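Notes to accompany the following structure.
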2 protein chains.
Amino acid sequence: MCAHTLINSFSIKIKFVVKTKKTTIQDIANYVNVSVGTVDRVIHNRGHVSTAKRKKIMEAIEILDFNPNFLASTLALGKQYRICSLLPRPSSTQGYWTLPKDGIEQTAADYKDYGITHHSFDYDPFEESSYSKKTLAVLEMQPDGVILAPLFEEESILFIKKLEEKKIPYIFIDAFIPNQKNLCYIGPDLKGSGYVAGKLMSSILNSQDDILILNLVKGLENSHLGIIEKGFREFFDSTNNKGSRKIKSITIPSIKKEDITIELTKYHIKNPGTKGVFVTNSRASLIAHYHFLHELPVKMIGFDMLQDNILEMKNGNIDFLISQRPYFQGAMAVKTLFHYFVYKKIPPKIQYVPLDIIIDQNLDYYINFKEPGTANLVQE
Amino acid sequence: MCAHTLINSFSIKIKFVVKTKKTTIQDIANYVNVSVGTVDRVIHNRGHVSTAKRKKIMEAIEILDFNPNFLASTLALGKQYRICSLLPRPSSTQGYWTLPKDGIEQTAADYKDYGITHHSFDYDPFEESSYSKKTLAVLEMQPDGVILAPLFEEESILFIKKLEEKKIPYIFIDAFIPNQKNLCYIGPDLKGSGYVAGKLMSSILNSQDDILILNLVKGLENSHLGIIEKGFREFFDSTNNKGSRKIKSITIPSIKKEDITIELTKYHIKNPGTKGVFVTNSRASLIAHYHFLHELPVKMIGFDMLQDNILEMKNGNIDFLISQRPYFQGAMAVKTLFHYFVYKKIPPKIQYVPLDIIIDQNLDYYINFKEPGTANLVQE
DNA sequence: AAAAAAAATGTGTGGGCACACAAATTTTGT
DNA sequence: ACAAAATTTGTGTGCCCACACATTTTTTTT
């Protein structure tokens with residue numbers, strides 16, 4: 001048996017010898033003169049193989065560079081993995097939460113042939129009871145893995161407990177609860193995003209310009225805005241970046257135009273030195289519009305590439321947006337679960353996404369950016 | 001035959017009916033009472049099917065929501081696709097060109113089971129003859145698709161001609177030659193990156209500060225730096241961003257420390273008002289170091305997250321880096337070719353990558369950023 | 001109406017792997 | 001030394017699809 005029959009190969013013009021096909025378990029079996037069953041047993045550590053042959057087979061695997069064909073493997077196994085996601089209901093068809101959701105759904109669709117099925121659940125981000133109800137619905141599905149954005153901490157911990165009882169792995173995206181047994185967290189480093197905002201703000205203001213940190217919170221919304229503010233302030237405290245400026249923060253517990261107008265007007269009259277406003281969530285567009293209407297030359301930094309923010313940025317009313325790859329967070333969560341299911345691969349506990357800095361001039365590249373072949377390609 | 005046997009399903013606590021497995025051609029065949037062969041003929045438009053059955057089958061495909069199992073399909077087809085890439089040889093193990101190369105190689109490895117094989121070729125970016133030689137080597141491999149970074153225009157056009165004769169599709173990454181029959185271009189919008197740099201520079205300088213545009217070019221290197229400079233200047237020209245400042249550009253035809261020191265010193269003495277330097281390629285670190293040594297308080301913008309640039313940024317000597325996702329460019333090129341091979345999917349002719357704005361504060365997130373399961377997972 | 005030609009339909013194999021089960025081999029017990 | 005038990009090894013079927021080839025049915029011809 002010569003090398004040519006062992007390793008399928010052919011040569012092109014003398015120079016190259018190209019291995020065209022992957023080696024299969026059959027190749028290994030032929031090489032060692034055993035049956036594919038024995039090779040299979042070695043590969044999967046199923047035992048029932050004499051040490052002598054075991055050794056020979058393992059050598060052959062090395063020599064012939066065998067890697068199992070993943071396609072054939074999943075096909076033969078025919079396992080099914082059910083993923084459930086539990087995210088806040090988007091405020092509109094273009095709301096922030098559509099993006100992680102799309103990321104999850106499209107990626108799940110991409111992995112359909114690998115046995116991944118996915119079921120979306122959403123909850124009213126202003127109603128804890130809605131959340132609790134949906135957690136039960138998720139559990140009823142008996143998922144193999146869960147992706148969730150835990151806005152409500154208490155209820156989430158109850159939910160998590162139940163998942164742990166049933167040994168269902170779960171991934172936090174966008175936000176997380178510390179000290180839990182989550183498979184991992186995929187999302188922004190909140191403090192870091194405050195730092196980034198701080199740096200950007202300081203780079204476009206003069207050292208004496210005052211800054212307003214604005215928390216626009218409807219109802220009892222998420223507490224993690226505090227961390228962003230902390231990061232923002234820390235940037236100015238840490239180095240000698242503070243200058244002589246004042247940095248104040250206010251919280252407006254509403255996202256209604258009228259409420260905002262009243263509060264902001266009050267503030268700006270009292271603090272005429274304010275030249276920069278940092279909105280700690282994705283609602284910068286509301287403020288930007290206010291500044292535009294009142295012709296206030298104020299620099300603005302906010303979060304997320306939402307339609308409204310994009311518009312205000314193009315109009316020159318927002319200077320920087322920080323984006324945390326919401327689509328990708330969802331996509332990555334699905335991929336991570338998949339690799340966990342299939343390869344038992346444990347991901348890093350914390351996977352911070354890049355904090356993309358968006359300005360008018362690079363905005364379009366982010367908007368038009370599409371990966372090739374995300375789903376919908378299956379039809380001919 | 002009841003619904004349960006037609007669509008494999010089971011119910012959980014009355015409420016949900018979950019389709020667990022995908023429907024197969026066998027399901028379709030059973031449904032219409034024909035053999036799988038006939039179904040197959042319809043799916044692939046092979047003809048030889050009576051119109052009556054054809055219609056029925058197509059209906060069944062709709063009703064049962066049939067999508068061919070991509071895994072089984074590729075397994076059965078067993079096609080092999082050979083991709084060759086032709087990139088400049090990296091200047092070091094951490095040189096810029098390692099990144100697109102890694103992107104290509106890792107992605108190709110991911111797609112190994114799908115029949116993708118890949119062969120890397122690199123050329124000396126300072127020697128046209130090296131390039132020509134390597135183009136021949138690529139052709140000898142008889143690839144099914146080519147990924148290339150066409151630094152040398154003339155030689156590239158000759159190469160491309162030959163590829164077209166053999167009907168081998170090719171993708172430009174990082175740089176491109178206009179008006180060719182390339183499958184697509186994946187890379188930065190050069191002019192746009194000039195714009196971005198312009199905006200960033202203007203945002204951190206005072207309106208009277210002078211700016212130097214620096215082209216650090218070894219030998220007859222790429223001409224497209226001119227486009228970046230053009231974009232940069234256009235930004236200042238277009239709006240009222242120019243102020244009273246002077247914007248000059250010089251080209252230093254060397255990357256040797258001594259040469260740079262001489263030229264820069266000459267320049268700074270003549271132009272003491274220079275407060276910002278924009279380096280139009282990835283060699284900003286050289287200049288940053290010079291400024292550091294000479295204690296010049298100059299703002300700096302450059303390209304690419306190379307080790308040296310990262311270091312200078314962390315030391316505070318570079319303010320902004322613009323990164324054009326080099327790894328991703330390679331990864332995307334492979335994916336695009338794959339989808340073209342398999343689905344005959346024609347990608348958009350131009351796919352601009354996002355221009356990431358890197359500052360000290362978000363740098364680490366980009367560095368640590370890894371997709372799950374890029375290759376190397378295959379081993380257990 | 002029977003034979004020949006054409007069209008429609010069915011069957012079988014292979015792709016690489018996983019796993020259950022059958023067969024062969026070795027070890028143990030008496 | 002021989003049966004029984006334990007272990008090792010081989011075989012066959014299925015996963016889903018693609019495609020070549022065999023078979024059946026329909027149409028055409030004389």
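Computed from a prediction, not measured in an experiment: that's the story for all the values here. Each chain gets a letter, A, B and so on, in the order its sequence line appears, and its residues count up from 1.
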Exercise. State whether the side chain of A/D27 and the backbone N or O of A/T24 hold a donor-acceptor pair below 3.5 Å, judged by distance alone.
Key: yes

Practice problem: Please determine, by modelled atom types, if A/H118 and A/S85 share a side-chain donor-acceptor pair under 3.5 angstrom. | Solution: yes

Quiz item: How about B/F341 and B/Y111: are their ring centres within less than 6.0 Å of each other?
Solution: no

Quiz item: So is B/R325 actually on top of A/F369's ring, under 6.0 Å and inside 45° of the axis?
Solution: yes

Self-check item: Nucleotide C/dG16, atom C1' - distance to CD of B/Q80 in whole Å
Solution: 13 Å

Exercise. Using atom CZ of A/F70 as one end and atom C1' of C/dG16 as the other, report the distance to the nearest whole Å.
Key: 14 Å

Quiz item: Does B/Y123 have its ring centroid less than 6.0 Å away from the ring centroid of B/F121?
Solution: no

Quiz item: In Watson-Crick or G-U wobble terms, both distances under 3.5 Å, what is the partner of D/dC21?
Solution: C/dG10

Exercise. Considering only heavy atoms of chain A and a distance under 4.0 Å, specify the first and last nucleotide of DNA chain D in 5' to 3' order that meet this criterion.
Key: D/dT8 to D/dC16

Quiz item: Hey, mind stepping through A/K112 and A/T117 against side-chain contact (heavy atoms from CB on, under 4.5 Å) and telling me if it holds?
Solution: CA-CA 6 Å; A/K112 198 169 46 178; A/T117 54; 6.0 Å; no

Practice problem: Taking the side chain as every heavy atom from C-beta outward, state whether B/N182 and B/L148 have any atom pair closer than 4.5 Å. | Solution: no

Quiz item: Expressed in angstrom and rounded to an integer, what is the separation of B/L75 atom CG from C/dG16 atom P?
Solution: 7 Å

Quiz prompt | Nearest-angstrom distance from the residue atom NZ of B/K112 to P of C/dG16 | solution = 14 Å

Quiz prompt | N-O pairing of B/R46 and B/D40 below 4.0 Å | solution = yes

Quiz item: How is B/N69 classified with respect to the nucleic acid when contacts are heavy atoms under 4.0 Å: base, sugar-phosphate, or nothing?
Solution: sugar-phosphate

Quiz prompt | Where protein sits on nucleotides 4-14 of chain C, one letter per nucleotide: B base, S sugar-phosphate only, - none, heavy atoms under 4.0 Å | solution = ----SBBB--B

Quiz item: Please give, in whole Å, the distance from C/dG16 C1' to A/H44 NE2?
Solution: 12 Å

